[in-house]
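Everything quoted here is computed from the prediction, not taken from an experiment. What's counted below: heavy atoms across the whole structure, side chains too, no hydrogens, waters or symmetry copies. All residue numbers refer to positions in the sequence shown, counting from 1.
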Amino acid sequence: MAGSLARFGVPEKLLFSGASGVDIFFVISGFVMVHSTAHRPPTPMGFFTNRIVRVAPLYWLITIALASAVVVLPNMFRSVNVTPAGWLKSLAFIPYVNGDLGMTPILHVGWTLNYEMFFYAIFAVALALGGNNSKRIAGIACGALIALVALGAVFRPENAIAGFYTDPILIEFGSGMLLAVLHKHLRNVGIATASVALVAAAAALAMKQYFVPDLHRVIGWGGGPAGLIVAVALVFEARGMVARWGAVQLLGAASYALYLIHPLVLAAGTRLTAGLASPSLAALVTSAILVGVIVAAVVVHKLIEVPITRFLRRLFDRRRLAGSGSRTADIPGV
C-alpha cells in the first residue's frame, strides 16, 4: 500500500516514517501501566492475567486465521511463513527467527506484542517487589530495562533471541514510565510551548529517514520525539483539549484491532492497485481500501474484540471473587 500511495506523489521516506507509530505506542504503554496501577496496584498475577485477556485473544484469532489461510492458499501469502513450531511460538509470544523474514511471528506486527508481553512480565515482577509505591515499581521496572539494554550493548549477543530481549527499543517503555511519574509537572507547561514542541517532534519523526536513516530508531523516533509527543498529549489533556467526538473515540477504541488487521487488508489492496493502469482509478481504489480497513477494524472491535474481552474478564472476576480476596487485578479502561 505504501507503493500505491507513492504513485500519487507521497514520498516513500515520509511513508516509512509511519513506522514510528510503534515507538509512540511503546511510550504510551509504559505510561499507562504505571498511571493505571498507581492508586490501587494489582497483584502481579492479576496484572499479567489482565494483560493477557486484553491483548492475546484477538491476536490469537487473527494469527490462527492467517496461518490457516496460508495452508489453504499458499500462493496468496508468499511473504508469510508458517511452520508448526513457528505457529506455537507466535501464539506464545516467543520471538524466533522466521526463515528469511527475520525475527517476526506469523502475523508480522506481532513482533511488537512480543516486546509488550516481555515488558508486562517485567512490570509484574516490579509489582511484586515494589509494594504499593508506584514510583518504586516504575523505578524497578526501568532499572531492569536499562540493565538489559546495557548488557546487550556490552556483550553484543550474536544469539537472535538474546539480541531481541536486550534491544535498545526497551528504553521506550521506560520513557513512558518516567512520564507517568513526572506528568503532574507538565500541567505548568503552556499551550504555545506544547504546540511548538509537538511541531518539532513531528518534524523530527518525519525527517529521520531523510537525514539520518541509519540512526537507531530509539534515538531518531523513540525516547526523544515519541516521548515528546506523548508528553504534549498529556499537556493538552490537562488543559481540557481532548477530542470528545464519538467517531474519534470509537476509532481510538478500535485502534488495537486496526493495528492487527491493517497489514492484511493493505497487502490485499496493494495487489489490487498494482494492476490498475489508470492513476485516477488507482487513487479511488486506494482511498476505498483505506476507508475499508478502518470500517473492518471497527467491526472486528465491536463484534469480536469487545465481546471476548468482556466474557473473559467476567470469567476471571468470578474466579477472583471466589478466591481469597486478594488485591484487584483489573486495570479499568486499558
Side-chain angles (χ1 to χ4, degrees), residues 22 24-61 91-95 110-149 164-165 169-183 230 234 252-253 255-257 259-260 305-334:
V22 168
I24 296 172
F25 173 70
F26 282 172
V27 175
I28 292 173
S29 182
F31 172 84
V32 169
M33 292 308 105
V34 173
H35 184 68
S36 62
T37 61
H39 299 297
R40 194 172 55 176
T43 62
M45 183 57 68
F47 165 81
F48 198 72
T49 299
N50 180 276
R51 302 320 302 154
I52 290 287
V53 167
R54 177 66 183 88
V55 173
L58 186 60
Y59 174 68
W60 285 341
L61 285 175
L91 296 181
F93 299 99
I94 298 173
W111 71 268
T112 63
L113 300 184
N114 290 344
Y115 275 120
E116 280 287 333
M117 284 298 169
F118 185 55
F119 168 56
Y120 296 156
I122 289 174
F123 196 80
V125 173
L127 283 169
L129 299 176
N132 293 320
N133 189 315
S134 63
K135 291 183 179 178
R136 186 184 304 137
I137 292 168
I140 293 170
C142 281
L145 295 174
I146 292 171
L148 286 168
V149 173
F164 185 88
Y165 284 133
I169 203 169
L170 293 172
I171 295 297
E172 295 176 357
F173 294 107
S175 297
M177 289 189 284
L178 182 62
L179 281 175
V181 172
L182 302 176
H183 81 283
V230 176
L234 293 171
S255 59
Y256 181 53
Y259 179 65
L260 292 182
E305 181 184 7
V306 170
I308 290 176
T309 302
R310 285 177 177 171
F311 169 77
L312 291 175
R313 280 185 170 168
R314 284 198 298 267
L315 179 64
F316 283 106
D317 283 345
R318 290 195 202 101
R319 291 187 177 184
R320 283 199 299 271
L321 290 173
S324 60
S326 59
R327 286 182 294 171
T328 180
D330 194 30
I331 303 174
V334 180

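- Closest of all the heavy-atom pairs between M117 and F48 is O-CE1, 3.9 Å.
- Side-chain atoms of I308 and W60, non-hydrogen and from C-beta on, never get closer than 4.5 Å to each other.
- With sequence neighbours excluded, the residues forming a ring pair (Phe, Tyr, Trp, His ring centres under 6.0 Å) with Y59 are F93, listed by chain and number.
- Checked by atom type and distance alone, the side chain of Y115 pairs as donor or acceptor with a backbone atom of F164 at under 3.5 Å.
- Residues L113 and L260 are in side-chain contact: their nearest non-hydrogen atoms beyond the backbone lie under 4.5 Å apart.
- In this structure, the side chains of P57 and L312 come closer than 4.5 Å at one or more pairs of heavy atoms.
- Remark: the backbone N or O of F25 is not paired with any side-chain donor or acceptor of S29 at under 3.5 angstrom.
- Scanning all heavy atoms of the two residues, the minimum distance from Y165 to P95 falls at OH-CD, 3.0 Å.
- A heavy-atom distance below 4.5 Å is not found between the side chains of F316 and I52.
- Side-chain contact between R136 and I140 is present, with at least one heavy-atom pair separated by less than 4.5 Å.
- Residues F31 and L234 have side chains in contact (heavy-atom distance under 4.5 Å, counting atoms from C-beta outward).
- Of all heavy-atom pairs spanning M177 and C142, the tightest one is CE-SG, 3.6 Å.
- Side-chain atoms of R51 and F123, non-hydrogen and from C-beta on, never get closer than 4.5 Å to each other.
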